[in-house]
Colleague: 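Sharing a structure, written as structure tokens. Questions coming.
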2 protein chains.
Amino acid sequence: MAKRPTVYDVAAEAGVSIATVSFAFTQPHRVKSSTLDAVLDAADRLGYIPSASARGLAKGRTGALGLYAYDYLVDASFDVRGDNAPSSGDDGRLFPLYVDEVQRGVQLECWDRGLALMIGGARTTDHVRRVTDIAGRVDGLICFAGAVDLAVLESLSERIPVVELGSAVRSAQLRTVMVDNRTAMRELALHLTRHHGLRRIEYFGGAGTAEFTQRWDGFVEAMHDAGETHRAAWPSRPGYAATTRESLDEVLSAGQHPEAIVCSTDQEALVVLDRLHELGIRVPQDIAVTGFDGILATQTASPALTTARQPMEEIGRVAVRELLDALDGRQADHGEPLPTQVVIRRSCGCGPTD
Amino acid sequence: MAKRPTVYDVAAEAGVSIATVSFAFTQPHRVKSSTLDAVLDAADRLGYIPSASARGLAKGRTGALGLYAYDYLVDASFDVRGDNAPSSGDDGRLFPLYVDEVQRGVQLECWDRGLALMIGGARTTDHVRRVTDIAGRVDGLICFAGAVDLAVLESLSERIPVVELGSAVRSAQLRTVMVDNRTAMRELALHLTRHHGLRRIEYFGGAGTAEFTQRWDGFVEAMHDAGETHRAAWPSRPGYAATTRESLDEVLSAGQHPEAIVCSTDQEALVVLDRLHELGIRVPQDIAVTGFDGILATQTASPALTTARQPMEEIGRVAVRELLDALDGRQADHGEPLPTQVVIRRSCGCGPTD
DNA sequence: TTGAAAGCGGTACCAT
DNA sequence: ATGGTACCGCTTTCAA
């Protein structure tokens, strides 16, 4: 690998100064066209690749945004599919989860705007070091709520704009792309109580972040509206199928089956679907099931899963725009949270039940 | 946004020289532990974020790899799903295509190795400028075959290692992660001719890159083995559903239906499935259909699509390792191409036909 | 174990 | 329209 040519090499080759080379690339119109050609030619001949490091150092901006992601897919074995699943030849993976779809939105928006995207992450460890590393590489950072300690993000946000993807403003220092989780979960549960007249409903999920708290709140509200005083949520975590399965088994072994199981995420709902199928319990005839997020797999699950869809790609795109606003010194317009949308399919009891 | 603290600020705060600060971060063991603490403390207090630009410039390495991707999903309207598709509430997207799954492999491998990943791309235009920009930001570049002109890649590869993902070594200067497309397509077609005894088979697809040439070759070989002299491929491009649909309509209007349609990609096969469904032509009873790639959607398509699966995540991971080898000065071991695997499902006529 | 100082490859201001 | 030249923040000898 030959040494990379620098502005100096190009300047020498073209017989001009390095300042002119720089101009030629950054403000072509300010350079005499014959000079411009000479420089561009020389650069081409030499295979000149501008160093982003040098440029970034000099300008104080890198021209790249960062996304700190993490892997929801904790269980390596996690693999849910429809009933017409293949019998062989497929590996454990899978379909895009929430993070994947949001990431796609970020990516597309960056590309559309000519920005480079730095994607960082770690499987489980060392989040602080890794996110700081990424922060040092970019002009602005997008981060999923829950991936990194709030204190760390706040510290970073003192130096570069940070956008958090969540459902509540956790800190005035951060910009937040919000999604209304409560309303959708409430409507989802109301659909069960009103449209289907169900009452004995169990909720599966935790309350780690604001999203989950909101979902739980929405559920509780709906139950209250239906005149039910609801006890508590069954412990269950997306990405840890065992937690979901254990709660399910416990629920089922407690005498009378519930009429419905409301899950805090699609990922958990799919596990429930899978387990119920194993046990020969029919969905929705015996038990209705609902999810949350609207990931792709819910469309093709069997039965198709009733859920609430988050506008995932849009979340990503909005996050990029927020960052750009911040970099341009525009105020955050803490507007309405992005809406989620209830998606009625079959697992709640709607539509033909085969 | 306050100015970012630098090594100078940290040095002053800790009462040491900038060299010591640098050492504290890069070679902690070479610094007296009390000094180390002082520096780390100061850095923490100040919210110090090391500048990757400065570091990259000084070291001559950025510590990041680049992936130049592009969007196969040309048709905005492209949206194929199983028959138990939802009736509402879903947007046009989608499921991970070949590129998405490979990208995931790249991403995971980078994370596992503590590398940052720069993802670049453009929707349609300006590929040369964009890929060069990315190249200037990273230590090595991964590129999908077909995304960028070979000459450009060769030029870049004179300065940084470049790995191309394809199915043939197009240039000795590039490292290539190869996948054997020919064999799998041949076996797929042989399955149709031998197991199902089919003869009148039409091939849909182009021959833009080596992958596609190989697939076509594999198909032709199989037909030859079956004693059939095959005419030609019907024009069809993944991402341009109209091309596929037009060819299909033409094929169908030409009197006797073919017994099978072999497509060069899953994306096209899904379009074929969709169109045949519209026309009331049953798959596989009336016409068998096969795809290629093994993207997720083939599992849940209706009927489940018989196809050949590329080890997509592995392709991405291997590419990263290749790059690392190159950066460490290790020779390329141009080994065996990664194997593809035939996946027999229902669209060829195997299994229950509902 | 720590410090001084010379780069790394650009940018941008100030001259010419 | 171009050239000269201080930086930008960090790494890395070489000395102390």
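So you know, we letter chains A, B, ... as the sequences are listed, proteins then strands, and number each from 1.
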Colleague: Which ring pair (Phe, Tyr, Trp, His ring centres under 6.0 Å) pairs, counting each pair once, include a residue from residues 25-65 of chain B, with sequence neighbours left out?
Modeller: B:F25-B:Y48
Colleague: Mind checking the CZ-CZ spacing from B:R321 to B:R330? Nearest 0.5 Å is all I need.
Modeller: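 Spacing of CZ (B:R321) from CZ (B:R330) equals 11.5 Å.
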Colleague: What pairs with B:S51 under side-chain contact (heavy atoms from CB on, under 4.5 Å), at least two apart in sequence or on another chain?
Modeller: B:S53, B:A54
Colleague: Using a 4.0 Å heavy-atom cut-off across all strands, classify B:V21 as base, sugar-phosphate, or nothing.
Modeller: nothing
Colleague: Output yes when a side-chain donor or acceptor of A:T132 lies under 3.5 Å from a complementary backbone atom of A:V128, and no otherwise.
Modeller: yes
Colleague: With a 4.0 Å heavy-atom cut-off, tell me which residues in residues 31-45 of chain B come close to DNA chain D, sorted by residue number.
Modeller: none
Colleague: Between the axis at one end of the helix from C:dT1-D:dA16 to C:dT16-D:dA1 and the axis at the other (five pairs apiece), what's the angle to 10 degrees?
Modeller: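 That helix gives 30° between its end axes.
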Colleague: To the nearest 0.5 angstrom, please state how far the OH atom of B:Y68 sits from the NE2 atom of B:H127.
Modeller: 5.0 Å
Colleague: Strictly by side-chain hydrogen bond (donor to acceptor under 3.5 Å, both in side chains), give each pair with a member in residues 136-149 of chain A just once, sequence neighbours left out.
Modeller: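 Qualifying pairs: A:T62-A:D139, A:D133-A:R137.
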Colleague: Could you go through nucleotides 5-9 of chain D and list every protein N or O atom that sits under 3.5 Å from one of its N or O atoms, giving the distance for each pair?
Modeller:
unit_1, atom_1, unit_2, atom_2, d
D:dC8, O2, A:A58, N, 3.3
D:dG9, N2, B:A54, O, 3.4

Colleague: Check step by step if side chain to side chain donor-acceptor pair (under 3.5 Å) holds for B:Q107 and A:Q103.
Modeller: CA-CA 12 Å; B:Q107 204 167 306; A:Q103 176 176 327; 2.9 Å; yes
Colleague: Using salt bridge (charged side-chain N to carboxylate O under 4.0 Å, His left out) as the criterion, list what pairs up with A:R61, not counting sequence neighbours.
Modeller: none
Colleague: Could you give all pairs that pass the salt bridge (charged side-chain N to carboxylate O under 4.0 Å, His left out) test and reach residues 29-54 of chain B, with sequence neighbours left out?
Modeller: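 Checked against salt bridge (charged side-chain N to carboxylate O under 4.0 Å, His left out) - neighbours excluded - the pairs reaching residues 29-54 of chain B are B:E13-B:R45.
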Colleague: Report the distance from atom CG of B:L156 to atom CD of B:Q173, rounding to the nearest 0.5 Å.
Modeller: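 Result: 10.5 Å between the selected atoms.
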Colleague: Kindly write out the residues that satisfy side-chain contact (heavy atoms from CB on, under 4.5 Å) with A:A326, not counting sequence neighbours, or none if the list is empty.
Modeller: A:P161, A:R175
Colleague: For residues A:K3 and A:D9, report the shortest heavy-atom separation together with the two atoms involved.
Modeller: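 Reported closest heavy-atom pair: NZ-OD2, 4.1 Å.
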Colleague: With rounding to the nearest 0.5 angstrom, report the CG to CE distance, B:L141 to B:M118.
Modeller: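 B:L141 atom CG to B:M118 atom CE measures 11.5 Å (nearest 0.5 Å).
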Colleague: What is the 5' to 3' range of DNA chain C, first to last nucleotide, that sits under 4.0 Å from any heavy atom of chain A?
Modeller: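 First and last nucleotides in contact are C:dG9 to C:dA12.
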Colleague: Quick one: salt bridge (charged side-chain N to carboxylate O under 4.0 Å, His left out) partners of B:R317, sequence neighbours excluded?
Modeller: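 Salt bridge (charged side-chain N to carboxylate O under 4.0 Å, His left out) list for B:R317, sorted by chain: B:E109, B:D112, B:E313.
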Colleague: Expected output is a numbered-order residue list: members of residues 22-30 of chain B with a heavy atom under 4.0 Å from any atom of DNA chain D. What is it?
Modeller: B:S22, B:F23, B:T26
Colleague: State the CZ-CE distance between B:R104 and B:M312, to the nearest 0.5 angstrom.
Modeller: 12.5 Å
